[in-house]
Amino acid sequence: ARRMAAYLQSLKLAPRSNIAILGKNSAHWIIADLAIWLAGHVSVPLYPTLNAETASYIIEHSEAKLLFIGKMEELWPIVAPGIPSALPCIALPLAPAGCGADWQQIVSHTQPLKEIADRDPEELATIIYTSGSTGKPKGVMINFRAMIATAHGLQQLFPVTTGDRMLSYLPLAHAAERAIVETTSLYFGFRVFFAWSLSTFLTDLRRAQPTLFFSVPRLWTKFYQGICEKISPAKQKLLFRIPLLSGIVRRRILEELGLEHVRAAITGSAPLSAQLISWYRRIGLELLEGYAMSENFAYSHGNQPGKVRVGTVGVAAPGVDCRIDDNGEILVRSPGNMMGYYKDPAKSAEDLSPDGWLRTGDMGSIDKDGYLRITGRVKELFKTAKGKYVAPVPIENRLANHPAIEAVCVTGPGEPQPFALLMLSQDSRLHAANAGRPALTQEFQALLEQLNRELEDHEKLDYAVVVCEQWTMDNGFLTPTMKIKRSVIEQRYLGHAADWRRGGRSVVWAD
């Protein structure tokens, strides 16, 4: 890091220049980040899954003076056209061939930096661009004080030691991975492993044997679905009731997932159903659901070990204040709060008050013990043709409990009643293709009937549509943190709603 920092200083860039990092997670990604800071500059991480247009926008908007390129593999041809030809690039180890000056050659011919830049805690450290689920990515400005405060606060929630281990695989360009893995590992000195690819993920997990593990709801759901395909939910219930076998089965499941050494498991970025959290607790993994944003460097709320309240995202973290505004919106004042949005003072003033209250855009309620419950997004509420507002997220969470369903979008603005779009898991798609469609149709019909009995009249789902295509980051249906891009999905499917409604079926297969 010091050698690369010395090289960066030799380029005579203006002080506090923005320098971008593009690539999958690796040790050298973090070393490049450190080098940027040591040299007195500001790091701008880019998601490796960006398309060329968005990459070009972020590089131009941030006025990046240089780009580090890391491990990209099959993603490189997609994003490469968005890299300006005149932008200087440095290729980290594992980078695509010929994409920039060679890191190894630079550090082997450069003496380490002797005088490290003195960085003020209030100084801008990094610009984290949001995943763009609601439009153009916004540049969230985070200073060094916010990063340090977040690491210190996490230590108070569950003590971290040098003996801990984490697997880094969610994008380091995202605030949560940056805060929980990079910043915390640097602050407390524990070991970090890196996943090589999706196909080697379970092998990498077993190799790392993490003691701390952070993931997003989609992966926790896939883990659960994988176990259910090997041991049916009905058989699990039976085995869990047998005293002698119960403990053995639970341990085997955790070993199968590579999580047998985990003492703190965190889920965040999107809601996870209470049913799924309860399932993990039954197998012996205390899943701690948290809540935060890029705008407060992933430091806001969390359930604490031994104090979990399933269905909530926990209580305010040390140093964090929270209240509910008159319109039901959650307001948070955190030591991790951003300085504002880069080059957007109007939006900064709209979302961040002078006294430090951040408008989250989420709706929620706080119980008498301080536990926060998320009830939806302010901007995700939609109005049906009957003039009734529907909050889609709580309904989506209940549908996502079904082991065959991998992702859900509840929608229906302007329709008489809302409806659900269902994306099946990979194994369920294969099952449907092999004459399993009638059985799945019956299951989904029963699921809708049961759910509708529990919903208010204006929330009842008219029908469910099983989509044939996969929603992925590559085709733009998911954000880099695997949340659905509601606007993209609605643009793709809403035009068919009238035909589906007139068809009169409760379960539609959209081939």
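In this chain, residues are counted from 1 in sequence order.
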State plainly whether the residues K230 and D427 are in salt-bridge range, i.e. N to O under 4.0 Å. no

Take atom CZ in R191; do more than 12 heavy atoms of anything else shown fall under 6.0 Å from it? no

Please enumerate all residues that pass side-chain contact (heavy atoms from CB on, under 4.5 Å) together with D457, with sequence neighbours excluded. K460

So CD of Q450 and CZ of R398: to nearest 0.5 Å the spacing works out to 9.0 Å

Salt bridge (charged side-chain N to carboxylate O under 4.0 Å, His left out) filter on R241, not counting sequence neighbours, yields none

With a 6.0 Å cut-off on the ring centroids, do F382 and Y389 count as close? no

Residue pair L422 / A464: nearest heavy atoms and the distance that separates them: CD1-CB, 4.0 Å

T126 and R178: side chain donor to acceptor below 3.5 Å: yes

Using the side-chain hydrogen bond (donor to acceptor under 3.5 Å, both in side chains) criterion, which residues pair with K386? Sequence neighbours excluded. Q417

Please identify each residue that fulfils side-chain hydrogen bond (donor to acceptor under 3.5 Å, both in side chains) with E459, with sequence neighbours left out. none

Which residue pairs satisfy the ring pair (Phe, Tyr, Trp, His ring centres under 6.0 Å) criterion with at least one member in residues 270-296, sequence neighbours excluded? W220-Y280, Y224-W279

Hey, can you tell me if F201 and Y169 have their rings parallel, tilted or perpendicular (30° and 60° cut-offs)? perpendicular

Under a 3.5 Å distance rule, please check whether T200 uses its side chain to pair with a backbone N or O of D204 as donor and acceptor. no

With salt bridge (charged side-chain N to carboxylate O under 4.0 Å, His left out) as the rule and sequence neighbours excluded, what pairs involving residues 286-296 come up? R281-E286

Which distance, rounded to the nearest 0.5 Å, do you find between the CG of L257 and the NZ of K222? 13.0 Å

Test Y342 against Y129 for side-chain contact (heavy atoms from CB on, under 4.5 Å), laying out the working first. CA-CA 9 Å; Y342 189 61; Y129 278 82; 3.8 Å; yes

Tell me, do L276 and F223 make a side-chain contact under 4.5 Å, heavy atoms counted? no

With side chain to side chain donor-acceptor pair (under 3.5 Å) as the rule and sequence neighbours excluded, what pairs involving residues 300-314 come up? R309-D367, R309-D369

Who are the side-chain contact (heavy atoms from CB on, under 4.5 Å) partners of T203, not counting sequence neighbours? none

All side-chain hydrogen bond (donor to acceptor under 3.5 Å, both in side chains) counterparts of R252, not counting sequence neighbours: none

If you take all heavy atoms of R333 and N337, which pair is closest and at what distance? CA-ND2, 4.0 Å

Residue pairs involving residues 409-423 (criterion salt bridge (charged side-chain N to carboxylate O under 4.0 Å, His left out); sequence neighbours excluded): E415-R501

Where E406 and Q426 come nearest, the two heavy atoms and their spacing: OE1-N, 4.0 Å

Interatomic spacing from CD1 in I484 to SG in C409 - rounded to 0.5 Å: 4.0 Å

W509 and T441: side chain donor to acceptor below 3.5 Å: yes

side-chain hydrogen bond (donor to acceptor under 3.5 Å, both in side chains) partners for N51, two or more places apart: T54

Please list all pairs meeting ring pair (Phe, Tyr, Trp, His ring centres under 6.0 Å) that have one or both residues in residues 308-332, counting only residues at least two apart or in different chains. none

